[in-house]
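Here is the structure we will look at.
The model shown is predicted, which means the values in this text are computed figures rather than measured ones.
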Amino acid sequence: MMAPLIRSTRRAFVTALACSPLMRAATPARPPGLIIDTHVHLFSADTQRFPYASNAPYQPKPAPLERYLKFVAEAGIDHAIIVHPEPYQDDHRYLEYCFAKEQPKGLLKGTCLFDPLSPRTPSRLEALVKRNPGRIVAFRIHQMGAPGSAPSSAGPITGRDMASPAMARTWTKAAQLGLAIQMHFLPYYAPQVEQQARKHAGVAIILDHVARAGMGTPAEFDRVLALAKLPNVYMKVSGLSYSSKEKPPYRDARPTVRRAYDAFGPDRLIWGGLGQSMPEFDGAIEIFETMFEGIADAEKAKIRGLNAKKLFAF
């Protein structure tokens, strides 16, 4: 029963310390209000118990839950979305382990990854959601193939045919289960995302990493921004290294983020990628303040956590 008081006291202390004259030059002040990280990948150090898929597209370093929980407590992060990562493909055992072992309870929710064209996916998706009530918030789809490349039908779960009837059935099942669709894609694929978004107007659609704007043409990013005309589409401000040629805080990406802000407004932007250590967290705060310099505090508060609280029902 004392956890909320302890947590509140800790955050107040950290904020006061960060704002003190001695600390101000060394680290950014902790932002006030609710903080929700909408994009974190976690990887077990025990690859025997939680193995990576044989077709994993990359081999990550361990980023275990136990270490992350210590960081979250130190940083004063209120909630986080575990974005189920590609190395595990459609094996969600570690995600479910994280739900079971989280502290405090209710800290975490997560996304899932299945082959959207598999006839087994609707039933597997429903089973995962029912095993973890209130925890699975989005179905993630990867469209990272080279522009103009043929859709894939096997191998790592990416590049599947967005126009396939099987894809539509998966979106429909996700909608029935109350899930969002989280798109991780190159700007080239914006028209395909738009087609599905218009067909599934009741489904929240989240665009990861500012749609990796730097990995497409200006015209392609214009099509991404046009998705803001659809009220069910949200933009995630994360992964700005994909849209920058500079080191953090990625000042050259600021015009891109401001265009996203102008298009989607403060009510449909969410923040992700806050790191897993205090230096990384301080860097994320600096990036956020660089991107949103001059924006009203009330609007920053929405992007830092209030929008995600509503979108993901924390």
Side-chain angles (χ1 to χ4, degrees), residues 37-41 57 81 83-86 111 113 116 137-149 151 157-163 167 171 180-201 203-246 248-274 284 287-288 290-292 303 307-308 311:
D37 187 350
T38 64
H39 202 106
V40 60
H41 295 313
I81 301 294
V83 175
H84 178 73
E86 291 178 275
T111 74
L113 176 64
V137 295
F139 185 104
R140 198 175 191 219
I141 296 176
H142 298 267
Q143 288 291 349
M144 300 301 295
S149 60
I157 304 171
T158 185
R160 303 304 196 245
D161 184 0
M162 290 286 284
M167 178 73 74
W171 279 56
I181 297 292
Q182 186 162 317
M183 292 299 311
H184 178 218
F185 68 111
L186 300 179
Y188 170 82
Y189 292 97
Q192 296 181 29
V193 176
E194 181 180 0
Q195 289 177 358
Q196 289 291 344
R198 290 188 180 279
K199 292 177 183 177
H200 299 86
V203 178
I205 299 168
I206 302 162
L207 312 181
D208 275 352
H209 302 326
V210 198
R212 289 184 176 238
M215 300 177 70
T217 67
E220 289 167 350
F221 189 56
D222 287 344
R223 290 298 299 269
V224 171
L225 295 180
L227 293 171
K229 297 176 182 178
L230 304 177
N232 56 321
V233 181
Y234 295 75
M235 179 71 82
K236 183 186 295 178
V237 181
S238 60
L240 292 176
S241 61
Y242 301 126
S243 299
S244 173
K245 297 180 181 179
E246 298 181 1
Y250 309 124
R251 297 183 189 281
D252 61 334
R254 189 169 183 266
T256 296
V257 174
R258 292 306 293 265
R259 289 190 68 200
Y261 174 86
D262 291 341
F264 288 86
D267 295 313
R268 286 191 288 143
L269 295 183
I270 56 178
W271 188 28
L274 278 59
I287 292 168
F288 183 94
T290 299
M291 296 302 117
F292 296 108
I303 300 167
N307 293 339
L311 181 61

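- Between P187 and A213, the shortest heavy-atom contact is CG-CA, 4.0 Å.
- Under a 3.5 Å cut-off, the side chain of R198 and the backbone N or O of Q196 do not form any donor-acceptor pair.
- Using a 30° and 60° split on the angle between ring planes, H41 and H39 fall in the perpendicular class, above 60°.
- Annotation: side chain of N307 is not in contact with side chain of R268 (no heavy-atom distance under 4.5 Å).
- Residues W271 and V237 share a closest heavy-atom pair of CD1-O, 3.6 Å.
- Atom CE in M183 sits 9.0 Å away from atom CG in D208 (nearest 0.5 Å).
- Here the straight-line distance linking atom CG of L269 with atom OG1 of T38 works out to 10.5 Å at 0.5 Å rounding.
- A 4.5 Å side-chain heavy-atom check between I141 and W171 finds at least one atom pair inside the cut-off.
- Summarising the geometry, atom OG1 belonging to T256 is positioned 5.5 Å from atom CZ belonging to F221; distances are rounded to the nearest 0.5 Å.
- Taking CD of E194 as the reference point, atom CZ of R223 lies at 5.5 Å (rounded to 0.5 Å).
- Not a single donor-acceptor pair under 3.5 Å links the side chain of R251 to the backbone N or O of T290.
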Derivation and outcome, side chain to side chain contact (heavy atoms under 4.5 Å, CB included), residues R160 and M167: CA-CA 8 Å; R160 303 304 196 245; M167 178 73 74; 4.1 Å; yes

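- When side chains are defined from C-beta on, Q182 counts as touching K236, because their heavy atoms get closer than 4.5 Å.
- Across all non-hydrogen atoms, the minimal contact from P248 to I287 is CB-CD1, 4.4 Å.
- Side-chain atoms of H142 and L113, non-hydrogen and from C-beta on, do get closer than 4.5 Å to each other.
- Residues satisfying the side chain to side chain contact (heavy atoms under 4.5 Å, CB included) criterion with Y242, sequence neighbours excluded, are H209, R212, M215.
- One N or O on the side chain of Y188 and one on the backbone of G148 form a donor-acceptor pair closer than 3.5 Å.
- Residues passing the side chain to side chain contact (heavy atoms under 4.5 Å, CB included) test with S244, sequence neighbours excluded: E246, Y250, D252, A253.
- For the pair E86/I157, no side-chain contact is recorded, criterion being any heavy-atom separation below 4.5 Å from C-beta on.
- Between M235 and A211, the shortest heavy-atom distance links the atoms SD-N, 4.0 Å.
- Taking all atoms of both residues into account, the shortest heavy-atom contact from Y234 to D267 is CE2-O, 4.0 Å.
- Within the 4.5 Å cutoff, the side chain of V210 has heavy atoms near those of the L240 side chain.
- Closest approach of L225 to F264, counting heavy atoms only: CD2-CE1, 4.4 Å.
- The shortest side-chain heavy-atom distance between V83 and H184 does not fall under the 4.5 Å cut-off.
- In this structure, the side chains of L227 and I205 stay at 4.5 Å or more apart for every pair of heavy atoms.
- Of the possible donor and acceptor atoms, none in the side chain of D37 sits under 3.5 Å from a partner among the backbone N and O of G272.
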